[in-house]
Structures are given as C-alpha cells and as structure tokens.
Amino acid sequence: MRAPTAMDQDIPEFKSQLRLESALYVQNGLQWVSAASLLLLAAITLNWRLNEIGPADWGFFMAVLPLAFICLLGAMFLGHGAVHPYSRWLLLVFLMLLVWCWLLFIAELLQVAPQSIAAMEAVADILVLLLMMGLFPDALMIAAGQVPLVCFICLSRYQSMPENLAFPLSKFICLLVIIAVGQQVLFSWFSRAIAGSVEKQKLLKQFRRLALVDGLTNLSNRRHLDELLKQEIRAAQRNGRPLCLLLLDIDYFKRLNDSLGHQAGDDCLVQVAALLSDAACRPRDLAARYGGEEFVLLLPETPLEGALAKAQSVAALLHQRNISHPDSPIADRVTASQGICQWQPGMDADALLQSCDRRLYRAKGQGRNCIIVSG
C-alpha cells in the first residue's frame, strides 16, 4: 500500500474521509480508554485494599467514585452516537474530565501512601500508552490527555526527590518526544490506510461504471437497462402508473460507416446519445444504448401520448443537428426509426422489449424515418 502523496492531500474525498475516520476512531478509542481505565481502577483499588497500603478514609472514596462514574459513563455510551460537528469538542471535554479525575485519584493515593510513587508512575505510564493507542489520529486530544499526566507525575517525582532534578526533567522530555514521534508514526500509518481505502472505493466506482455504462456514448448499457426496466415494471405493477418504452434505430447506419468511415460513425452515435440524454430529462427517465446503432428511452409514469411527443421531439432535434449522411436513400442527413410500446399488465421485461422491437421493425418496413406506436 503506497503512502498518501501530495496529490492525495488535494483530493476532497481523501480529506473528508480522513476527517470522518479520525473522528470515528477517536470516539471509539475514547470508549475503549474509558473501559480500560475502569478495569485499571478496579485492579488498583482491589490491590490497595487487599494489601492495606493506606487508610480507607473519606478522601479516598471521594477520589474513587467520580473516576469510576466517568469511566463507566464513557465505556457505556461513547462510540454509539453519530459523529457531528460538535463531537470533537464534547469528547475533548469528556477527556479532560477523565484525566482530571485520574489526577485527583493519583494525588489522593500519593497523599495517603507517599511510598507508592513508583506504582503511581507505572499507572500514569499505562494511561499515557492507553491514550496514545486510543487517540493518536487527533494531536490535540493526545496533548490534552497526556501532557497533564506527564507533568503531574514528573512534578510528583521531583517533590519526592528534590535533590535529583535531572531525572524527572529528562523523563519529561523523553516522554514528550516519544509521544510526538509515536503519534506521527501511527497517524502516518492511519493516513496510508485511509488513502488505500479511498483508492479502492474509486476503483469500485470505476468498475461499476464500466459495468453499467457504455464506453463510447456514456449512456447506460444493456445490463443497466435490464436492471432498471425490471424495477420500473415492478413499480408500475404496484402503483398502476403507465410505463412506456421507446426504441430508436439510426437509419442506414452501416452505409454511413462505409461511406464516411468508422470515426464518423462513432461521432454520429455520440451525438445521438447526447440528444437522447437531454431528452431523458426527468429523474427516473433513462437513455441507454441497446446495442450497435439502437438506443432506448425508458419513460416511467408516461402514457403513450407523452411517449409519442417525446419521440417527435427526438426526431425534431435530430433534424436540427443535421448530421451528414451522404449515402442515405431517404435524406442527406441522419434520420431514425422509432417504435413505442406501453407496458401492459402481465408483461415482463422481455415481452415489453419484444413488443417495442416489433414496432421498430414496422417503422423500418414503412420506409424508415417514422414513428410507430402500439395500440
């Protein structure tokens, strides 16, 4: 998997996906940190009481209860809500409360048992690691959660050993460097993963487009037409609304290819496709390439009168385009034959297409450049 390049950073999809995935990760990560904190608190409290390290006074319980409550709250409810514009700031407030409760708890334990400074340092280191793993996509959250813990434990170490300033100071600097470097390394990995995911999504969209869109005309292909035609037939069965199909064939297209070349033939197909795409102006209308020089207009909720008006409009627009066809026996420009059929109860997709094709065949038999409508 390649690293995200400068080009990736300019892609809106990548940036928006990275922001979304980062927000989701932090939200779920803070829930995981809360659950892990709850287990850590339970282990510390149990060990404290079993070994009778210090007296169980009112201050001890006042430090345990708020921390237990906020850990339980985060473990139960974070990670289930949707990400919204204020999520980050709400999570930041929750994180500050969590860290503040941990600091109060550690301070209370150090007050009743100063000899436990090494154990409390280990607890703080565990919390720093938990926050790094759970919040690394957001540098602000990392700083808000870890810096107070690191500062507090280093200050506590200095107060217990004021004659040895070098140790807490060097530990403070080393921890900050490790946190900064670790966050960058993890975020770089995270960004590469998101970039790869965005690329895969784009490839899937391209593959789907290739599967459903005709490469020359950019209209829907036969496969897409078959899918939507079946859907619209089911819709017509449910709501009783009319459904019409228009099948169009370019007259004497082979002669156009033979006289002007295949490039001119492709240009003709592209122009006719653009015309039909404009004609399919409603959201559910569909213009598709049926095959070769044949095209289809799928017209949901359209009666025969509306479909006939649409076919006449297509013929008029084709006349206005005035695409040259020097070898046509009926005109010096490109013309088209059209067949129209309305869906009837009991018809499936194949029957509707066959009925429409028969109308098109009749239009060709009657001299082409005309429209045949089913009764």
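All residue numbers refer to positions in the sequence shown, counting from 1. Values below: all heavy atoms of this structure, side chains included; hydrogens, waters and symmetry mates excluded.
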| field | Cluster link W102 to L92, ILVMFWY, side chain under 4.5 Å | value | yes
| Can you tell if the side chain of C281 reaches within under 4.5 Å of the side chain of K310, non-hydrogen atoms only? | yes
| note | Here the gap from L299 atom CG to D285 atom CG, rounded to the nearest 0.5 Å, amounts to 5.0 Å
| Are L219 and V296 connected, step by step, through hydrophobic side chains (Ile, Leu, Val, Met, Phe, Trp, Tyr) whose heavy atoms are closer than 4.5 Å? | no
| Should I250 and H325 count as side-chain neighbours, where that means a heavy-atom distance under 4.5 Å? | no
| message | Any side-chain to backbone donor/acceptor pair from Q338 onto A311? Under 3.5 Å, distance only. | response | yes
| Can you tell me how far the CD atom of E294 sits from the CG atom of L269, to the nearest 0.5 Å? | 11.5 Å
| request: Name all residues meeting the ring-ring contact (aromatic ring centres under 6.0 Å, His included) criterion together with W343; count only those two or more places apart in sequence or in a different chain, and write none if there are none. | output: none
| said: If hydrophobic clusters are built from ILVMFWY residues whose side chains come within less than 4.5 Å, do Y290 and V272 share one? | reply: no
| What pairs of residues pass the salt bridge (Lys or Arg N to Asp or Glu O under 4.0 Å) test when at least one of them lies in residues 134-146, not counting sequence neighbours? | R88-D138
| query | Is there a path from I340 to Y361 through hydrophobic residues (I, L, V, M, F, W, Y) whose side chains come within less than 4.5 Å of each other? | reply | no
| task | Please name the pair of heavy atoms, one in L38 and one in A68, separated by the smallest distance, quoted to 0.1 Å. | result | CD1-O, 3.8 Å
| query | Is the side chain of S34 donor-acceptor paired with the backbone N or O of L30 at a distance under 3.5 Å, no angle test? | reply | yes
| query | Would a 4.5 Å heavy-atom cut-off, applied to side chains only, mark E301 and N239 as touching? | reply | yes
| query | Shortest non-hydrogen contact from I233 to M347? | reply | CG2-O, 3.9 Å
| query | Less than 4.5 Å apart, any side-chain heavy atom of S328 and any of L256? | reply | no
| Straight-line distance of I372 CD1 to L360 CG, nearest 0.5 Å | 9.5 Å
| said: As an exercise, state the distance from CD of E21 to OG of S191, rounded to the nearest 0.5 Å. | reply: 11.5 Å
| Salt-bridge criterion met for D226 and R222 (N-O under 4.0 Å) | yes
| message | For the CG atom of L91 and the CE atom of M96, what is their distance to the nearest 0.5 Å? | response | 13.5 Å
| message | Between S37 and V33 (side chain of the first, backbone of the second, donor and acceptor by atom type, cut-off under 3.5 Å), is there such a pair? | response | yes
| request: Would you check if S220 and L225 make a side-chain contact, meaning some heavy-atom pair closer than 4.5 Å? | output: no
| Ignoring hydrogens and geometry, is there a side-chain-to-backbone donor-acceptor pair from Q31 to A75 under 3.5 Å? | yes
| query | When you look at T335 and Y252, which way does the side chain to side chain contact (heavy atoms under 4.5 Å, CB included) test go after all the steps? | reply | CA-CA 9 Å; T335 60; Y252 300 106; 5.9 Å; no
| Partner set under salt bridge (charged side-chain N to carboxylate O under 4.0 Å, His left out) for D350, not counting sequence neighbours | none
| query | Taking all non-hydrogen atoms of both residues, which atom of I330 and which atom of G367 are closest, and how far apart? | reply | CG2-O, 4.0 Å
| field | Any side-chain heavy-atom pair of D249 and E293 under 4.5 Å | value | yes
| query | Can you list the steps and then say if L40 with L127 is a side chain to side chain contact (heavy atoms under 4.5 Å, CB included)? | reply | CA-CA 9 Å; L40 181 60; L127 291 173; 4.0 Å; yes
| If you look at every heavy atom in S324 and L260, which pair is closest and at what distance? | O-CD1, 3.9 Å
| request: Nearest 0.5 Å please: distance from the CG atom of L98 over to the CG atom of L67. | output: 6.5 Å
| Can you tell if the side chain of L247 reaches within under 4.5 Å of the side chain of D357, non-hydrogen atoms only? | yes
| query | Near R284 CZ, under 6.0 Å, is it more than 12 heavy atoms from other residues, nucleotides or ligands? | reply | yes
| remark: F190 meets the ring-ring contact (aromatic ring centres under 6.0 Å, His included) criterion, sequence neighbours left out, with Y25, F136
| Hey, are S337 and D251 close enough side-chain-wise for a donor-acceptor pair under 3.5 Å? | yes
| message | Quick check: do F105 and I44 have side-chain heavy atoms less than 4.5 Å from each other? | response | yes
| said: If hydrophobic clusters are built from ILVMFWY residues whose side chains come within less than 4.5 Å, do L353 and L243 share one? | reply: yes
| message | For L149 versus L103, what's the shortest heavy-atom pair and its separation? | response | CD2-CD2, 3.7 Å
| remark: Contacts of S22 meeting side chain to side chain donor-acceptor pair (under 3.5 Å) (sequence neighbours excluded), chain-then-number -> none
| note | Residues pairing under side-chain hydrogen bond (donor to acceptor under 3.5 Å, both in side chains) where one sits in residues 255-272, two or more places apart or in two chains, turn out to be K254-D258, Q263-D267
| remark: Closest non-hydrogen atoms of C244 and L304, given as atom of the first, atom of the second and distance, are SG-N, 3.8 Å
| message | Please evaluate residues L317 and Q320 with respect to the criterion side chain to side chain contact (heavy atoms under 4.5 Å, CB included), reporting the C-alpha separation (whole Å), side-chain torsions for both, the decisive distance (0.1 Å), and the verdict. | response | CA-CA 5 Å; L317 290 173; Q320 292 176 10; 3.9 Å; yes
| Do we see a donor-acceptor contact under 3.5 Å between the side chains of R282 and T302? | yes
| task | Dump the intermediate steps for side chain to side chain contact (heavy atoms under 4.5 Å, CB included) on N28 and W32, then the final yes or no. | result | CA-CA 6 Å; N28 293 325; W32 174 76; over 6 Å; no
